[in-house]
Colleague: 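Have a look at this one.
Any value given below was found using the heavy atoms of this structure, including those in side chains, with hydrogens, waters and symmetry copies removed.
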Protein chains: 2
Amino acid sequence: MAKKVKTRDRILKTALALFNEEGEARVSTVEIAGVLEISPGNLYYHFKGKEAIIEALFDDFEEEIRQVLSAPIKSALSIEDNWIYIYIVFEEINDFRFFYHNLAGIMERCPELRARFARLMRLKEETASSILASLEREGVITLSRPERDALATRFAAHLTFWLQFAALSGETRDSRRLINNGVYSAMMMIAPYVSGDRTAFAALLSDYFSSQH
Amino acid sequence: MAKKVKTRDRILKTALALFNEEGEARVSTVEIAGVLEISPGNLYYHFKGKEAIIEALFDDFEEEIRQVLSAPIKSALSIEDNWIYIYIVFEEINDFRFFYHNLAGIMERCPELRARFARLMRLKEETASSILASLEREGVITLSRPERDALATRFAAHLTFWLQFAALSGETRDSRRLINNGVYSAMMMIAPYVSGDRTAFAALLSDYFSSQH
DNA sequence: GTCTATAAATGGATAGAC
DNA sequence: GTCTATCCATTTATAGAC
């Protein structure tokens with residue numbers, strides 16, 4: 001039975017779209033209600049205020065990103081498999097980009113999110129680290145422990161900030177393009193540690209990258 | 001003759017401090033005036049509004065960072081020299097961190113800054129690239145052209161976002177610590193490309209890093 | 001659950017006196 | 001250059017009817 005979508009969910013969906021487009025700071029509760037053609041009062045019936053909406057959106061984001069970040073540990077041992085995985089993480093972040101566009105500001109307004117977000121970044125780092133470890137066990141790459149730690153940290157930072165960096169660099173606003181470049185950059189981080197035939201790996205990367213344009 | 005500091009400059013200085021502490025979005029013109037113990041009207045005599053203040057602060061920042069980024073091309077050919085240079089860039093960014101904490105938001109409100117900021121990031125990248133090139137000419141490192149390009153981009157992104165990443169990771173809020181870790185991370189990016197005795201370089205890095213704690 | 005109406009607070013901005 | 005006073009717009013938030 002195709003039931004009508006709950007107002008609460010419509011609010012979240014619309015708020016997310018507006019936040020991503022115009023930036024969270026420039027979107028008021030009245031505007032959200034206006035777009036939805038419901039009254040501000042109605043909106044306040046469902047959410048105490050903008051912070052509550054943001055927190056609910058973060059719940060969604062956290063759940064999805066956790067799923068993604070827990071997935072690949074078991075499988076995905078070749079490098080080729082892993083870049084699809086990176087691609088998915090970027091897409092997830094892109095769907096909630098308003099959040100990343102004003103991290104500090106949002107953390108000030110919603111202090112409970114601070115610790116949770118920090119935990120997510122740690123999870124990114126741990127996942128990266130364990131993927132690197134399994135790639136090493138397979139003999140695909142070679143790196144020392146400090147190298148692996150540093151690389152994992154770098155990966156976490158890259159996943160977190162690449163989209164913003166690329167958007168601000170300003171060549172394009174096309175998110176598929178930005179994401180592809182981000183995956184390429186991530187792969188280039190691993191390149192110097194690849195064991196054996198680096199030329200082959202570089203060729204592979206170059207192939208992948210140029211096929212995207 | 002020790003002249004009284006101009007009100008215009010006091011406004012800029014106080015605004016900068018408040019922006020960095022509380023975040024630009026949470027500081028109103030009235031608050032700035034309040035802290036300075038001048039009237040809002042007076043503040044508006046000197047600046048049309050908050051945007052004007054932000055833009056003036058960006059002028060200062062741009063000037064200083066350009067100086068820093070133009071300095072090292074000539075000298076600084078050893079890796080050891082370069083990390084002091086990275087340190088300085090981080091300190092400069094840290095002094096104007098409010099800006100980096102809400103890049104997207106500020107770009108929306110002050111569209112003229114968008115292109116200027118993009119140019120600064122390109123400058124970071126070019127500087128990194130030419131430093132890498134000269135290190136290579138000296139035989140200190142070895143890398144292919146695509147590797148150099150990717151590494152330079154990564155450096156620009158690292159300089160731009162590391163402080164935010166580290167602050168959000170949340171172990172510490174001490175900016176000296178954050179900066180030191182950022183320099184270490186930057187150095188670890190170069191490590192795999194160092195020619196000859198990598199062990200010596202790793203030891204050097206480890207030395208530097210542990211002496212900071 | 002949803003609406004109307006409106007209160008309460010805040011922030012941006014200006015006019016005119018000193 | 002600086003102040004006082006004031007106005008306008010926006011936003012958050014609530015009370016009470018339907």
Side-chain angles (χ1 to χ4, degrees), chain A residues 1-58 98 102 104-113, chain B residues 1-58 98 101-102 105-113:
Chain A
M1 47 184 185
K3 253 204 77 188
K4 217 190 81 186
V5 185
K6 290 262 190 289
T7 302
R8 194 192 133 93
D9 294 330
R10 290 175 60 223
I11 293 173
L12 287 178
K13 195 182 164 194
T14 305
L16 177 59
L18 289 173
F19 288 167
N20 280 340
E21 270 169 46
E22 308 178 21
E24 174 266 326
R26 304 186 64 173
V27 178
S28 68
T29 51
V30 219
E31 189 183 346
I32 299 170
V35 172
L36 278 167
E37 295 181 304
I38 66 174
S39 68
N42 191 2
L43 187 147
Y44 271 85
Y45 169 77
H46 290 283
F47 294 98
K48 276 193 206 307
K50 220 162 79 163
E51 281 87 357
I53 296 178
I54 293 172
E55 282 165 31
L57 286 172
F58 187 81
F98 85 92
N102 185 11
I106 288 176
M107 295 311 166
E108 274 157 15
R109 290 184 48 188
C110 312
E112 317 102 66
L113 297 189
Chain B
M1 49 183 186
K3 254 203 75 186
K4 216 191 81 184
V5 185
K6 291 260 191 290
T7 302
R8 194 193 131 92
D9 294 330
R10 290 175 60 223
I11 293 174
L12 287 179
K13 195 182 161 192
T14 304
L16 178 59
L18 289 174
F19 288 167
N20 280 339
E21 272 169 46
E22 308 178 22
E24 175 265 327
R26 304 186 64 173
V27 179
S28 68
T29 51
V30 218
E31 187 182 348
I32 299 171
V35 172
L36 279 167
E37 293 180 303
I38 66 174
S39 67
N42 190 3
L43 187 147
Y44 271 85
Y45 169 77
H46 291 285
F47 295 98
K48 276 192 207 305
K50 220 162 81 165
E51 281 86 358
I53 296 179
I54 293 172
E55 281 165 30
L57 286 172
F58 187 81
F98 84 92
H101 284 177
N102 185 10
I106 288 176
M107 294 311 167
E108 273 157 16
R109 289 184 48 188
C110 312
E112 316 102 67
L113 296 189

Colleague: Could you report the tightest heavy-atom contact between A:Y44 and A:G49, atom names first, then the distance?
Modeller: CE2-CA, 3.9 Å
Colleague: Within this structure, what is the CD1-to-C1' distance between B:I11 and C:dG12, rounded to whole angstrom?
Modeller: 15 Å
Colleague: What are the two closest heavy atoms between B:C110 and B:E55, and how far apart are they?
Modeller: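 In terms of heavy atoms, the two residues are closest at CB-OE2, 3.8 Å.
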Colleague: Say whether, by atom type as modelled, one donor and one acceptor occur between the side chain of B:N20 and the main chain of B:F98 under 3.5 angstrom.
Modeller: yes
Colleague: Let's see if you get this right: which residues in residues 41-56 of chain B place a heavy atom under 4.0 Å from DNA chain C?
Modeller: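 Under 4.0 Å from DNA chain C: B:G41, B:Y44, B:K48, B:G49, B:K50.
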Colleague: Would you call A:R109 and A:E24 a salt bridge, taking side-chain N to carboxylate O under 4.0 Å as the test?
Modeller: yes
Colleague: So which of residues 13-40 of chain A are in contact with DNA chain C, with a heavy-atom cut-off of under 4.0 Å?
Modeller: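 Going residue by residue through residues 13-40 of chain A, the ones with a heavy atom under 4.0 Å of DNA chain C turn out to be A:E37, A:I38, A:S39.
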Colleague: Under the salt bridge (Lys or Arg N to Asp or Glu O under 4.0 Å) definition, can you give me all pairs with a residue in residues 25-47 of chain A, not counting sequence neighbours?
Modeller: none
Colleague: Could you walk me through whether B:I54 and B:E51 pass the side-chain contact (heavy atoms from CB on, under 4.5 Å) check?
Modeller: CA-CA 5 Å; B:I54 293 172; B:E51 281 86 358; 5.5 Å; no
Colleague: Can you tell me how far CG of A:L18 sits from CG of A:L36, rounded to the nearest 0.5 angstrom?
Modeller: 8.0 Å
Colleague: Give a yes or no answer on whether the side chain of B:K50 reaches the backbone of B:V27 with a donor-acceptor pair at less than 3.5 Å.
Modeller: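 Confirmed, B:K50 side chain pairs with B:V27 backbone.
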